[in-house]
Each structure stands twice: as C-alpha cells, then as structure tokens.
Amino acid sequence: MFQSVPQSEEILMQRANALAGMTLTNLANKCEFTLPNSVLHAKGWVGQLLEHALGATSGSKPQPDFPELSIELKSIPVTSQGTPKESTYICVVQLSPYDQANWEQSLVRKKLSKVLWIPYEVNDKIPFAARRIGTPILWQASTCELQQLKTDWQELSDLIVLGKLHMITASIGKYLHIRPKAANAMSQTRDKNRLASENITLPRGYYLRTSFTKQILQST
DNA sequence: GCGTGATCATAA
DNA sequence: TTATGATCACGC
C-alpha cells in the first residue's frame, strides 16, 4: 500500500484516515501480508501491518516510528464500546543511571511526544480477520497529563536509581507503570544501578494503563 | 540479549 | 472483570 515515508503530518493523517473502516483482511491483502492463523503466535502483527501501511521506518530502533515528525504509531485494541482492552507498551526500561537523569530527555517522553493512535475492534464474536480498523487519533498530552506522566516517571526513576528496581510492582504509577518485558521469566539483563554482585534482573518495560488510554480515546 | 511490535493467562 | 506478571515473534 503506502511504502514511502510520509513527508508531513497532514499526509500521514490522510493515510491513516484512509484505513478507517477497513478490515484487517482488506489491509493485509493490499499490503501483501499473510493473515496469521492465530493471534497467540502473532501478537505484534497488527502493529507491524499498520507500520507498513503508513510508511513507518524506525524498525526496532528506540525512537518514534516517524522520527522526522516525532510521531509514535500505536495500534490499540478496543471493545465495541471503544474501551481499550490492553495496556499500551511504550518502551524498555533502560537500566543505566544516566537514563533516569531527566524526564525531558527520557525515552518515555520522546515516545509520547506525539502519538498516532489507531484503534481496532476486538470482540469474541468477531473473527480476527474481520476486525475493523477505527478512526485515527493524533494525540499530544495536555499540560495536566504531562505533569502526571512526569510524576509517575520520576517516582519510578527514583526507585531505579536507588537500586530498588526489584521493589517496583505494576501497581506503582497513575498513568505509567513498569511491568516485565521479556521472552520469559528466565530472561536476564544487568541493572547498572546496583552492585555487580546483585545486578542480574528481569528486563522490564514502561506501559500506559488502560484507564489512561481510555481517557485519551474519549477526549477526542 | 536488546529493542521493536504487542497479547496471553490467571490471580485477585 | 480487571490488573499484574508472563509470554510470543522478529531483526540484528
């Protein structure tokens, strides 16, 4: 479908709007993507289909999907009521002291600078292939939202810098929280905020709570 | 293993 | 039903 990088926000939005109402089968056919037999073994498939359809190029680099536009693309599964079904992964929790230095330069802040949300319906009665893509929403956090995100990030970052990552649970943070992000519970990484003798830990990621993304989708 | 794309599975 | 912790796939 679209394979070139969108040169402006307007072009990106035109493309995104053109997808609204299409089923996953419609879009997969146009992009020459093969529909997975089961979502279980294709968890990120919808996101990658949308990236391709809109011309995103970042791949797995730790930066927004459209770096020239500072726009991050997020597909988001919603119920027939428009409520998000899942929390939204933002980025990995980096574990070097400098990464927690300041909010403005954090990976979370950069990823959430501006987000193009593309909802798609998820409902037990609708087969995966028949799910429809919804109306895109280009979002920027309000001053109030940004303040809370910063507060959450700061609280979590303080714990990390103090070597207390192991004390962080998913219940910390109003909008933003930290949860495991790994192949499985055996995965390991090093937390450079701790002594070498005790720094092996499970890789983690930052996620947005559904209560917050629900607010985002309804505000527009 | 790291970082991307996420959803699954079950305890609460 | 929801939130937390665990898991799946891919490129490098």
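Just so we're on the same page: letters track the sequence lines, and every chain starts at 1.
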Are A:His41 and C:dC8 close enough that a side-chain N or O sits under 4.0 Å from OP1 or OP2?
->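 Result: no.
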May I ask you to evaluate whether A:Arg209 reaches the phosphate of C:dT4, defined as a side-chain N or O under 4.0 Å from OP1 or OP2?
->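 Answer is yes, contact under 4.0 Å.
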For each nucleotide in nucleotides 6-12 of chain B, reading 5' to 3', give B when a protein heavy atom comes within less than 4.0 Å of its base, S when such contact involves only the sugar-phosphate, and - otherwise.
-> BBB----
Please state how far atom [atom1] in [X] lies from atom [atom2] in [N], giving the value in whole angstrom units.
| X | N | atom1 | atom2 | value |
| --- | --- | --- | --- | --- |
| A:Leu176 | C:dA3 | CG | P | 16 Å |
| A:Lys192 | B:dG1 | NZ | C1' | 11 Å |
| A:Met186 | C:dC8 | CE | C1' | 17 Å |
| A:Leu208 | C:dA3 | CG | P | 14 Å |
| A:Ile168 | C:dG5 | CD1 | C1' | 15 Å |
| A:Trp45 | C:dC10 | CH2 | P | 13 Å |
| A:Ile178 | C:dA3 | CD1 | P | 18 Å |
| A:Lys85 | C:dT4 | NZ | C1' | 16 Å |

Bend angle of the helix from B:dG1-C:dC12 to B:dA12-C:dT1, end axes from five pairs each (to 10°) =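 Roughly 30° between the end axes, to the nearest 10°.
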Might you confirm whether atom CD of A:Glu32 has over 12 heavy atoms from other residues, nucleotides or ligands at distances under 6.0 Å?
->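 Open.
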Can you give each donor-acceptor pair under 3.5 Å made by side-chain atoms of residues 158-172 of chain A, sequence neighbours left out, with the distance rounded to 0.1 Å?
unit_1	atom_1	unit_2	atom_2	d
A:Asp158	OD1	A:Gln154	NE2	3.0
A:His166	ND1	A:Gly163	O	3.4
A:His166	ND1	A:Arg194	NH1	3.4
A:Thr169	OG1	A:Ser171	N	3.3
A:Thr169	OG1	A:Ser171	OG	2.8

All pairs passing ring-ring contact (aromatic ring centres under 6.0 Å, His included) where residues 118-138 of chain A contributes a residue, at least two apart =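 Pairs touching residues 118-138 of chain A that pass the test: A:Trp45-A:Phe128.
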Should A:Met22 and A:Val122 be counted in the same cluster of Ile, Leu, Val, Met, Phe, Trp and Tyr side chains packed under 4.5 Å apart?
->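 Looking at the clustering, A:Val122 is in the same group as A:Met22.
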Among pairs that include at least one residue of residues 105-114 of chain A, which meet side-chain hydrogen bond (donor to acceptor under 3.5 Å, both in side chains), considering only residues two or more places apart or in two chains?
->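 Non-adjacent pairs meeting side-chain hydrogen bond (donor to acceptor under 3.5 Å, both in side chains): A:Glu9-A:Lys114.
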Classify the angle between the aromatic ring planes of A:His52 and A:Phe33 as parallel (below 30°), tilted (30 to 60°) or perpendicular (above 60°).
->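 Rings of A:His52 and A:Phe33: tilted, 30 to 60°.
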Would you please name every residue forming a side-chain contact (heavy atoms from CB on, under 4.5 Å) with [X], sequence neighbours left out?
| X | result |
| --- | --- |
| A:Asn184 | A:Met186, A:Ser187 |
| A:Ala129 | A:Thr25, A:Leu35 |
| A:Thr151 | A:Gln147, A:Gln148 |

Scan the side chains in residues 80-96 of chain A for donor-acceptor partners under 3.5 Å anywhere in the protein, sequence neighbours excluded, and list what turns up.
unit_1	atom_1	unit_2	atom_2	d
A:Ser87	OG	A:Arg179	NH1	2.9
A:Ser87	OG	A:Arg179	NH2	3.2
A:Tyr89	OH	A:Val92	N	3.0

Side-chain heavy-atom pair A:Leu50, A:Ile133 within 4.5 angstrom cut-off |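 Sidechains of A:Ile133 and A:Leu50: in contact.
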With sugar-phosphate meaning primed atoms plus P, OP1 and OP2, does A:Ala185 contact a base, only sugar-phosphate, or nothing at under 4.0 Å between heavy atoms?
->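 Sugar-phosphate: the residue A:Ala185, judged by heavy atoms under 4.0 Å, touches backbone atoms but no base.
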Is A:Arg132 paired with A:Glu121 through a side-chain N to carboxylate O contact shorter than 4.0 Å?
->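 Salt bridge: yes.
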Can you sort out which residues in residues 151-165 of chain A have a heavy atom within less than 4.0 Å of DNA chain B? Ascending by number, please.
->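 Nothing qualifies; none.
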Scan residues 91-103 of chain A against DNA chain B and write down, sorted by residue number, each residue with any heavy atom closer than 4.0 Å; if none is found, say none.
->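 Within this stretch, A:Cys91, A:Val92 sit under 4.0 Å of the strand.
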In chain order, what residues pass the side-chain hydrogen bond (donor to acceptor under 3.5 Å, both in side chains) check against A:Glu68, with sequence neighbours excluded?
->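 Expected list: none.
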Proximal nucleotide (of C:dG11, C:dA6, B:dG5) relative to the A:Ser60 side chain =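 Nearest nucleotide to the side chain: C:dG11.
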Within the distance-only criterion (no hydrogens, no angle test), does the side chain of A:Asp65 pair as donor or acceptor with the backbone N or O of A:Leu73 below 3.5 angstrom?
->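 Side chain of A:Asp65 to backbone of A:Leu73: a pair is present.
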